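Below is one structure, written out as structure tokens; the observations come after it.
What you see is a predicted model, and the numbers here were worked out from it, not measured in a lab. In what follows, chains carry the letters A, B, and so on, assigned in the order in which the sequence lines appear, proteins first and then strands, with residues in each chain numbered from 1.
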Amino acid sequence: MAQAPKTAITPTRSENYPEWYQQVIKAADLAETSDVRGCMVIKPWGYAIWENIQKKLDARFKATGHENAYFPLFIPMSFLEKEAEHVEGFAKECAVVTHHRLEPDGEGGLRPAPAAQLEEPLIVRPTSETIIGATFARWVQSYRDLPILLNQWANVVRWELRTRMFLRTAEFLWQEGHTVHATSDEAMEETRQILDLYADFAENDMAMPVIKGEKTSGERFPGAVHTYSIEAMMQDRKALQAGTSHFLGQNFAKAQEIKFQDQEGQLAYAWTTSWGVSTRLVGGLIMTHSDDDGLIVPPRLAPAHVVILPMYKSDDERASVLATCQKLKTELEAERFDEEPIRVRIDDRDIRGGEKSWQWVKKGVPLRVTIGPRDVADDAVFLARRDSSEKGQGVPHREFVARAADMLREIQQHLFDRAATLRADNTTQIDNLADFEAYFTPQDAKNPEIHGGLAYCHFVESATMDQKLKDLKATVRCVPLEGDDEPGKCIFTGQPSVKRGVFAKAY
RNA sequence: CGGGGCGUAGCUCAGCCUGGCUAGAGCGCGUGCUUUGGGAGCACGAGGUCGCACGUUCGAAUCGUGUCGCCCCGACCA
């Protein structure tokens with residue numbers, strides 16, 4: 001007799017967090033490694049979550065006046081060369097297309113045809129500032145053409161050596177917004193508006209609390225004047241950059257000749273922004289909410305809100321149980337959660353009830369409902385919430401239908417509160433280097449336990465700081481935009497400092 | 001690009017050191033029976049060019065050389 005493990009996922013978070021993460025993805029059937037090095041296959045359940053993320057964000061982009069468009073996957077190499085910092089930032093991780101035809105290699109295989117070498121290599125976009133900028137240069141003549149507010153949903157490639165499912169893959173899916181403005185203030189306003197939009201999405205839809213802040217010069221996007229990010233805390237207390245919004249100043253406008261005539265007839269360079277979030281958010285979602293029994297999806301992003309599991313033995317029972325399930329599904333779909341019908345699935349696959357039930361636990365569906373002959377007779381359902389470890393309980397059928405949407409709202413809130421509590425419990429202010437070092441040093445160096453968290457510290461960027469952070473494997477996440485800013489002294493150099501930064505180990 | 005490791009069934013691996021019958025296990029998969037309200041049990045069955053090439057040998061998963069691929073640890077990164 002096989003001993004059922006206490007938790008659905010082995011190892012647990014505290015035993016081995018990175019391995020737990022991999023196992024959650026596998027158990028929930030979100031994605032798997034592909035035949036292509038560094039790239040993953042996103043499976044239906046994982047992609048459905050991404051689609052919900054897209055839907056939520058897209059609505060927010062449209063509501064703030066943005067439109068979607070699509071630009072080429074390939075970028076002429078010379079485009080990338082135009083902005084010096086940008087080149088430096090991305091050149092090391094670009095996939096390059098050099099040929100446009102294959103031919104037999106004489107040994108039964110294929111090779112790029114030497115005669116078909118491209119005059120100018122194309123790179124697979126690592127991001128699209130350059131090609132979109134070049135296009136904008138043609139579109140923009142007059143101040144009357146501005147602003148341009150575009151977004152594109154696309155895949156991009158950054159040739160990463162070390163990859164982790166969803167968090168860092170060679171190819172990933174994202175959205176990149178690109179805007180052009182007549183004035184610096186307006187571009188800055190756009191940059192900040194998007195940062196707020198991302199934070200709102202993260203907290204309300206993902207139930208993931210975030211800190212809005214500005215990146216230090218060392219962490220800035222290549223070519224940007226200011227980079228802002230939202231930073232979240234994962235359950236191993238490491239930080240995850242969950243979205244970025246860049247004020248590009250006139251850097252790209254100058255590199256790409258995005259010029260316009262203003263109202264006085266003067267020729268001026270435009271001001272641009274860019275901003276993006278990626279499938280990395282799925283990784284953040286996993287690591288924010290999931291537990292030792294697998295994935296937990298916040299209701300607003302869940303592919304299914306309720307899964308109904310019929311239980312029966314005989315054909316007679318089957319008929320009445322399935323009819324009851326179908327009725328419940330219809331009733332639930334008439335209810336609304338988050339301004340849409342409740343999403344319901346019935347799983348009547350012919351596998352054992354226990355196994356089936358666990359599969360949905362591991363997939364993180366917010367509410368599981370089991371219906372068997374006893375429930376049909378009692379006009380009740382057996383209900384279990386994914387966000388609590390409590391055992392399920394019987395609930396009158398009608399009461400469940402009436403309360404389902406409220407329960408989903410409760411779960412959404414509970415997940416946010418739980419994540420906020422974890423963050424609060426692992427956030428601290430540190431005012432001297434010794435404490436800082438202790439905070440970021442694990443007890444067991446060989447097999448580091450979960451440690452550290454967010455540390456708010458005064459700092460001034462310096463080589464001394466960079467080296468210390470490198471030694472500790474810690475990073476400056478951002479300088480928070482919100483919160484008090486009493487002056488102090490840099491914990492690394494003792495120099496006067498006006499703002500605290502957030503320090504953490506990070507993904 | 002530096003250091004380490006691994007390629008044997010769909011997956012995880014044993015066997016290799018010390019060469020020898022028909023190459024194994026667990027999980028998964030298929031069929032049947034018994035089960036079924038929180039991860040079922042028994043029986044039977046399908047499934048392999050032991051990464052590839054060359055060499056040593058009467059004989060190679062096993063030894064040697066080469067080659068390809070992948071994984072882990074460092075430097076860089078959404």
Excluding sequence neighbours, so at least two apart, what forms side-chain hydrogen bond (donor to acceptor under 3.5 Å, both in side chains) with A:W50?
none

Contact state string [nucleotides 31-36 of chain B, B base, S sugar-phosphate only, - no protein heavy atom under 4.0 Å]
----BS

Residues two or more places apart in sequence or in another chain: which of them pass ring-ring contact (aromatic ring centres under 6.0 Å, His included) with A:F440?
A:F436

Between B:G74 and A:K473, is there an OP1 or OP2 to side-chain N/O distance shorter than 4.0 Å?
yes

A:E410: what forms a salt bridge (charged side-chain N to carboxylate O under 4.0 Å, His left out) with it, not counting sequence neighbours?
A:R385, A:R403

Please list each protein N or O that sits under 3.5 Å from an N or O in nucleotides 76-78 of chain B, with the distance.
from  : atom 1 : to     : atom 2 : distance (Å)
B:C77 : O2'    : A:E160 : OE2    : 3.0
B:C77 : O2     : A:E160 : OE1    : 3.4
B:C77 : O2     : A:R168 : NE     : 2.1
B:C77 : O2     : A:R168 : NH1    : 3.2
B:C77 : O2     : A:R168 : NH2    : 3.0
B:C77 : N3     : A:R168 : NH1    : 3.3
B:A78 : O3'    : A:Q241 : NE2    : 3.3
B:A78 : O3'    : A:R280 : NH1    : 3.0
B:A78 : O2'    : A:R280 : NE     : 3.3
B:A78 : O2'    : A:R280 : NH1    : 2.7
B:A78 : N6     : A:T169 : O      : 2.7

The complete set of ring pair (Phe, Tyr, Trp, His ring centres under 6.0 Å) pairs with one or both residues in residues 276-312 of chain A, sequence neighbours excluded, reads A:H305-A:F337

So what is the 5' to 3' dot-bracket string for RNA chain B, if pairs are Watson-Crick or G-U wobble with both distances under 3.5 Å, crossing pairs use [ ] and | means the partner sits on another strand?
(((((((..((((......[...)))).((((((.....)))))).....(((((..]....))))))))))))....

Partner set under salt bridge (charged side-chain N to carboxylate O under 4.0 Å, His left out) for A:D196, not counting sequence neighbours:
A:K212

With a 3.5 Å cut-off and sequence neighbours excluded, list the donor-acceptor pairs that the side chains of residues 221-230 of chain A form with protein atoms.
from   : atom 1 : to     : atom 2 : distance (Å)
A:H226 : ND1    : A:E214 : OE2    : 2.6
A:T227 : OG1    : A:F221 : N      : 3.0
A:T227 : OG1    : A:H246 : ND1    : 2.9
A:S229 : OG     : A:E231 : OE2    : 2.8

Look at A:K55 together with A:E51 and state whether they make a salt bridge at an N to O cut-off of under 4.0 Å.
no

Sequence neighbours excluded, which residues qualify as ring-ring contact (aromatic ring centres under 6.0 Å, His included) partners of A:F61?
A:W275

For the atom pair CD (A:E203) and CE (A:M208), what is the distance rounded to the nearest 0.5 Å?
8.5 Å

Would you jot down, in residue-number order, the residues of residues 370-380 of chain A having a non-hydrogen atom under 4.0 Å from RNA chain B?
A:T370, A:G372, A:P373, A:R374, A:D375

Sequence neighbours left out, cut at 3.5 Å: what donor-acceptor pairs do the side chains of residues 160-173 of chain A make with other protein atoms?
from   : atom 1 : to     : atom 2 : distance (Å)
A:T169 : OG1    : A:E171 : O      : 2.8
A:E171 : OE2    : A:N155 : ND2    : 2.9

Reckon A:R164 touches a base, only the sugar-phosphate, or nothing at all at heavy-atom distances under 4.0 Å?
nothing

